[in-house]
S.K.: 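Attaching a single structure in structure tokens format; questions to follow.
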2 protein chains.
Amino acid sequence: MVQYLQSHFDASFGALSDPTRRGVLEQLGRADASISVLAETFHMTLTGMKKHVGVLEQAGLVTTEKVGRVRTCRLGRRGLQEEAAWIERYRQLWSERFDELDNVVDELNRKERVHGRKKR
Amino acid sequence: MVQYLQSHFDASFGALSDPTRRGVLEQLGRADASISVLAETFHMTLTGMKKHVGVLEQAGLVTTEKVGRVRTCRLGRRGLQEEAAWIERYRQLWSERFDELDNVVDELNRKERVHGRKKR
DNA sequence: TGTATACTGAACTATATGGTTCAGTATCTC
DNA sequence: GAGATACTGAACCATATAGTTCAGTATACA
């Protein structure tokens, strides 16, 4: 399960680490699109775009369906909620750490004032 | 500026796409740690861990400071707020798309009932 | 002073990534 | 049926990634 979740995040964050793929997600957020439309939008060969779509599909962020000649791409049912949760949990830890650090700094400043030392 | 932001996300999402690096961030969320402690925790050579820390540092997620022999790693001042915002905006688009789809499905179901057809 | 510790950097390996071209196959459309 | 369109797959290329080993340097400590 942990293993599963890990590779899950590997795939989704990996998918998000490329600007073309983030762009594709934004575009599909506005409207479904074929591989060739996406390829044209991002100035890339069909084959190149197909690979990107494949990566997004692997990550569960996009689904595709081929009807006739055309493969239509749309946003997948998985919508980054777990990734959002991971980041939120991290941000929690992060802000705790910095609150702590700020307290230490505040404490030092307070002591400086008490002992009448100059502030930098 | 857009260019800057893009590579920014490339680096941070790329950093998050590796399970070791996500683990390092979680550990540093609990306490600062040296390279060797991190290397031991994640069963890796010092050199290997140093590379991971370098990636996290490049992404602005970790800062390090060397005192004597020891390089101490801690969470960086940048805390994934922009990444959280990107994901939230995406989730917005995503849920709009699916609300829309759900409306279409509801509409179809409604018509089916009106015309007295069997439900699957 | 000598030894152990902690890191650093270069070099090497294997595999993955992001892209291409080229040669197909399948599907429209006239 | 012929030609155009849309995709697919294999092969190739350059570069990046994730790791290693090995040979240092710098610091701590007895």
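Here is how names work: the chains are called A, B, and so on, in the same order as the sequence lines, proteins then strands, and each is numbered from 1.
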S.K.: If every non-hydrogen atom of B/Met49 is compared with every non-hydrogen atom of B/Thr20, which pair is closest and at what distance?
M.R.: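 Scanning both residues completely, I find the closest heavy atoms to be CE-CG2, 4.1 Å.
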
S.K.: Can you pull out the residues from residues 37-45 of chain B that lie within a 4.0 Å heavy-atom distance of DNA chain D?
M.R.: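 When residues 37-45 of chain B is checked for heavy atoms under 4.0 Å from DNA chain D, the hits, listed by number, are B/Met44, B/Thr45.
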
S.K.: Under a single-linkage definition using a 4.5 Å side-chain heavy-atom cutoff for Ile, Leu, Val, Met, Phe, Trp and Tyr, are B/Phe9 and B/Leu25 assigned to the same hydrophobic cluster?
M.R.: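 Yes, same cluster.
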
S.K.: How long is the span from the OG atom in B/Ser36 to the NZ atom in B/Lys50, to the nearest 0.5 Å?
M.R.: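 One finds 13.0 Å between OG of B/Ser36 and NZ of B/Lys50.
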
S.K.: Check each residue of residues 25-32 of chain A for a non-hydrogen atom within less than 4.0 Å of any atom in DNA chain C, then write out the ones that pass by number, or none.
M.R.: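 Those residues: none at all.
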
S.K.: For the pair made of CZ in B/Arg21 and C1' in D/dG19, what is the distance, rounded to whole Å?
M.R.: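 In whole Å, D/dG19 C1' lies 12 Å from B/Arg21 CZ.
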
S.K.: When rounded to the nearest 0.5 angstrom, what is the spacing between OG1 in B/Thr72 and CD1 in B/Ile35?
M.R.: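 Rounded to the nearest 0.5 Å, the OG1-CD1 separation comes out at 9.0 Å.
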
S.K.: Grab the CD-P distance between B/Gln58 and D/dA18 for me, whole Å please.
M.R.: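 Answer to the nearest Å: 13 Å.
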
S.K.: Please write out the pairs of protein N or O atoms and N or O atoms of nucleotides 8-10 of chain C separated by less than 3.5 Å, giving the distance to one decimal.
M.R.:
| residue | atom | partner | partner atom | Å |
| --- | --- | --- | --- | --- |
| C/dT8 | OP1 | B/Arg71 | NE | 2.7 |
| C/dT8 | OP1 | B/Arg71 | NH2 | 2.5 |
| C/dT8 | OP2 | B/Arg71 | NE | 3.4 |
| C/dG9 | OP2 | B/Lys50 | NZ | 3.4 |
| C/dG9 | O6 | B/Thr47 | OG1 | 3.0 |

S.K.: Sequence neighbours excluded and cut-off under 3.5 Å, please list the side-chain donor-acceptor pairs for residues 51-63 of chain A, or say none.
M.R.:
| residue | atom | partner | partner atom | Å |
| --- | --- | --- | --- | --- |
| A/His52 | ND1 | A/Arg21 | NH1 | 3.2 |
| A/Glu57 | OE2 | A/Thr64 | OG1 | 3.1 |

S.K.: Is there a side-chain contact between A/Leu38 and A/Cys73 (heavy atoms, below 4.5 Å)?
M.R.: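 Side-chain contact under 4.5 Å: yes.
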
S.K.: What residues form a salt bridge (Lys or Arg N to Asp or Glu O under 4.0 Å) with B/Glu88, not counting sequence neighbours?
M.R.: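 Partners of B/Glu88 by the salt bridge (Lys or Arg N to Asp or Glu O under 4.0 Å) criterion, ordered by chain and then number, come out as B/Arg91.
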
S.K.: Just how far, in rounded Å, is C1' of C/dT17 from CZ of B/Phe13?
M.R.: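 Taking atom C1' of C/dT17 as the reference, CZ of B/Phe13 is at 18 Å.
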
S.K.: Determine to 10° how strongly the helix from C/dT1-D/dA30 to C/dC30-D/dG1 is bent, judged from the axes of its five-pair ends.
M.R.: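 Roughly 20°, once rounded to the nearest ten degrees.
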
S.K.: For A/Arg69, give me all partners under side-chain contact (heavy atoms from CB on, under 4.5 Å), at least two apart in sequence or on another chain.
M.R.: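 Counting only residues at least two positions away or on another chain, A/Arg69 forms no side-chain contact (heavy atoms from CB on, under 4.5 Å).
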
S.K.: Taking atom P of D/dA16 as reference, at what distance in whole Å does atom CG of B/Asp10 sit?
M.R.: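 My rounded result for the distance is 13 Å.
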
S.K.: Can you see which heavy atom on B/Arg78 is nearest to which on B/Ser12, and at what distance?
M.R.: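 Closest approach of B/Arg78 to B/Ser12, heavy atoms only: NH1-CB, 4.3 Å.
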
S.K.: Write down the protein N/O and nucleotide N/O pairs, taken from nucleotides 25-30 of chain D, whose separation is under 3.5 Å; answer none if there are no such pairs.
M.R.:
none

S.K.: Can I get a per-line list of side-chain donor-acceptor pairs under 3.5 Å for residues 40-48 of chain A, giving both atom names and the distance, sequence neighbours left out?
M.R.:
| residue | atom | partner | partner atom | Å |
| --- | --- | --- | --- | --- |
| A/Thr41 | OG1 | A/Val37 | O | 2.8 |
| A/Thr45 | OG1 | A/Gly48 | N | 3.1 |

S.K.: What is the ring orientation for A/Phe13 with B/Phe13, classed by angle as parallel under 30°, tilted 30 to 60°, or perpendicular over 60°?
M.R.: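 Because their plane-to-plane angle is under 30°, the rings of A/Phe13 and B/Phe13 count as parallel.
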
S.K.: So how far is it from A/Glu65 CD to A/Arg74 CZ, rounded to the nearest 0.5 Å?
M.R.: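 If we round to the nearest 0.5 Å, A/Glu65:CD and A/Arg74:CZ are 5.5 Å apart.
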
S.K.: Where do B/Leu16 and A/Trp86 land on the side-chain contact (heavy atoms from CB on, under 4.5 Å) test, with the steps shown first?
M.R.: CA-CA 10 Å; B/Leu16 293 180; A/Trp86 191 93; 3.7 Å; yes

S.K.: Mind checking what makes side-chain hydrogen bond (donor to acceptor under 3.5 Å, both in side chains) contact with B/Trp94, not counting sequence neighbours?
M.R.: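 Testing B/Trp94 for side-chain hydrogen bond (donor to acceptor under 3.5 Å, both in side chains), a comparison that skips the adjacent residues, returns none.
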
S.K.: With sequence neighbours excluded, tell me which residues meet side-chain contact (heavy atoms from CB on, under 4.5 Å) with A/Gln92.
M.R.: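 Per chain and number, A/Gln92 pairs via side-chain contact (heavy atoms from CB on, under 4.5 Å) with A/Glu96.
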
